[in-house]
Undergrad: 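Right, I'll just put the structure down here and ask away after.
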Amino acid sequence: MAELAALQVLKELVPPELQTPRVGIICGSGLSGLATSLRQIVLVSYDKLPGFVESTVPGHKSILAFGLMGSGAGVPVVAMLGRFHPYEGHKLSSVVFPVRVMAKMGVKDIFITNAAGALNPALAVGTVVVVHDHIALPNLTGMNPLLGPQQDPSLPRFLPLSDTYSRSLRKLVFKAAHELSIERDALAEGTYAWVSGPTYETAAEGRFLRGIGADVVGMSTVPEVVAAREEGMNVLVLSLVTNAVVIPEGYKSVRDEVEAEIAGNPKAEVVDEVVSHEEVLALGKLKGGLVKSLVEKVLDLL
Ligand SMILES: O=P(O)(O)O[C@@H]1C[C@H](O)[C@@H](CO)O1
């Protein structure tokens, strides 16, 4: 099994007391600050680990961090300070490889974070969304991380995903928010749509995804979720809304515009906001603290 080679290296580099983390964490774009509160921290670069590829996206580091997180004695955790996306050119099997390594290390609960665009107009930028379901068009149409011969026949061939997002972990996030006196509107629940990226959505795509029931959209997470469920882990996903996906009600007719100009009544041009990765990272920096305090408190409540 390919994961065993990575495990062997980790055995040499990580002290025994941190070698069996209870919780795995994946940091989304601009969210690697999550790991700044790790104690007894040990960092392992991905290039030392067989099977790990490189995280090439700004805001993602190619580092695995081990340590204790949360108050008191703390919970042993392993955190990916950067993830792999299929749009980087990585195979889906590489994207989910670290999740499989975490499972072999004994991780029971995985907390996956991401930056996402809001499709639901009720979600303000800066809101943390506790994901309760997903829509993965790529999964349904041939880009599923479980396609192909089974690497481990002891895992289920046909994985049910109807109950993917752990109810008890989701409840813990809301309990944590209560204990931290976090404003009600700062935390919401919703459905995550996975798209391959790296393009952001057109307005019509945004309308489509909203129309089929998604609240937020992003370019990651679902492959990791699927692999984690296959490995039997409890999954929690937190999406930080970093931008709103602009979904104008209808087309801005250029015919109307030209006719108004000809009639001598030009209208002021409305310029839609354009999303950028810089904006996504800046918001992560600004609001990453909220994700971090929620994760720390959930660890205390486990
Ligand atoms: O890794 P995540 O899903 O947090 O990163 C999001 C999706 C794209 O990789 C990038 C777009 O800005 O941010």
Side-chain angles (χ1 to χ4, degrees), residues 24-35 46 52-65 79-92 94-99 102 110-119 123 125-131 134-139 143 145 165 190-202 205-206 209 214-228 235-246 273-292 294-295:
I25 297 175
I26 302 181
C27 301
S29 282
L31 295 172
S32 61
L34 249 178
Y46 292 166
F52 276 62
V53 287
E54 195 193 348
S55 214
T56 61
V57 182
H60 291 259
K61 297 176 186 157
S62 290
I63 296 175
L64 203 55
M80 289 180 75
L81 304 191
R83 64 152 50 91
F84 312 132
H85 307 82
Y87 67 73
E88 294 173 76
H90 299 314
K91 289 192 285 188
L92 278 169
S94 304
V95 168
V96 303
F97 184 76
V99 173
M102 285 183 186
I110 187 162
F111 299 176
I112 302 176
T113 67
N114 61 58
L119 298 162
L123 295 173
V125 168
T127 308
V128 173
V129 177
V130 182
V131 172
H134 72 231
I135 297 173
L137 296 175
N139 263 7
M143 200 174 151
Y165 297 88
T191 296
Y192 178 93
W194 174 41
V195 295
S196 73
T199 45
Y200 292 108
E201 297 65 45
T202 66
E205 287 164 348
L209 293 171
D215 297 290
V216 289
V217 53
M219 306 176 195
S220 69
T221 298
V222 168
E224 298 150 4
V225 166
V226 171
V235 171
L236 173 68
V237 171
L238 299 177
S239 292
L240 174 65
V241 175
T242 52
N243 57 283
V245 177
V246 180
E273 245 180 79
V274 175
V275 60
S276 71
H277 189 56
E278 288 67 38
E279 175 191 354
V280 168
L281 292 183
L283 210 286
K285 216 170 185 179
L286 194 71
K287 287 286 181 175
L290 175 58
V291 182
K292 183 167 122 180
L294 284 168
V295 166

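Whatever order the structure lists them in is the order used to number ligands and atoms, beginning at 1. Note that this is a predicted model, so its numbers are computed, not measured. In what follows, residues are counted from 1 in the order of the sequence shown.
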Undergrad: So if I only count non-hydrogen atoms and take anything under 4.0 Å from ligand 1, which residues does that give, chain by chain?
TA: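 Those residues closer than 4.0 Å to ligand 1 by some heavy atom are Gly28, Ser29, His60, Arg83, His85, Tyr87, Asn114, Ala115, Tyr200, Met219, Ser220, His277, Val280.
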Undergrad: Can you run down the side chain to side chain donor-acceptor pair (under 3.5 Å) pairs that involve residues 235-245, sequence neighbours left out, and say none if there aren't any?
TA: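 Only Asn114-Ser239 qualify under side chain to side chain donor-acceptor pair (under 3.5 Å).
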Undergrad: Look at the aromatic rings of Phe52 and Tyr46 and report parallel, tilted or perpendicular, splitting at 30° and 60°.
TA: tilted
Undergrad: Suppose we screen for side-chain contact (heavy atoms from CB on, under 4.5 Å). Which residues come up paired with Ala228, at least two apart in sequence or across chains?
TA: Val99, Ile110, Met233, Val235
Undergrad: With side chain to side chain donor-acceptor pair (under 3.5 Å) as the test, would you mind laying out the steps for His60 and Ser29 before giving the verdict?
TA: CA-CA 6 Å; His60 291 259; Ser29 282; 2.9 Å; yes
Undergrad: With sequence neighbours excluded, tell me which residues meet side-chain contact (heavy atoms from CB on, under 4.5 Å) with Ser196.
TA: Met143
Undergrad: Could you give the distance from CE (Met80) to CG (Leu64), rounded to the nearest 0.5 Å?
TA: 7.0 Å
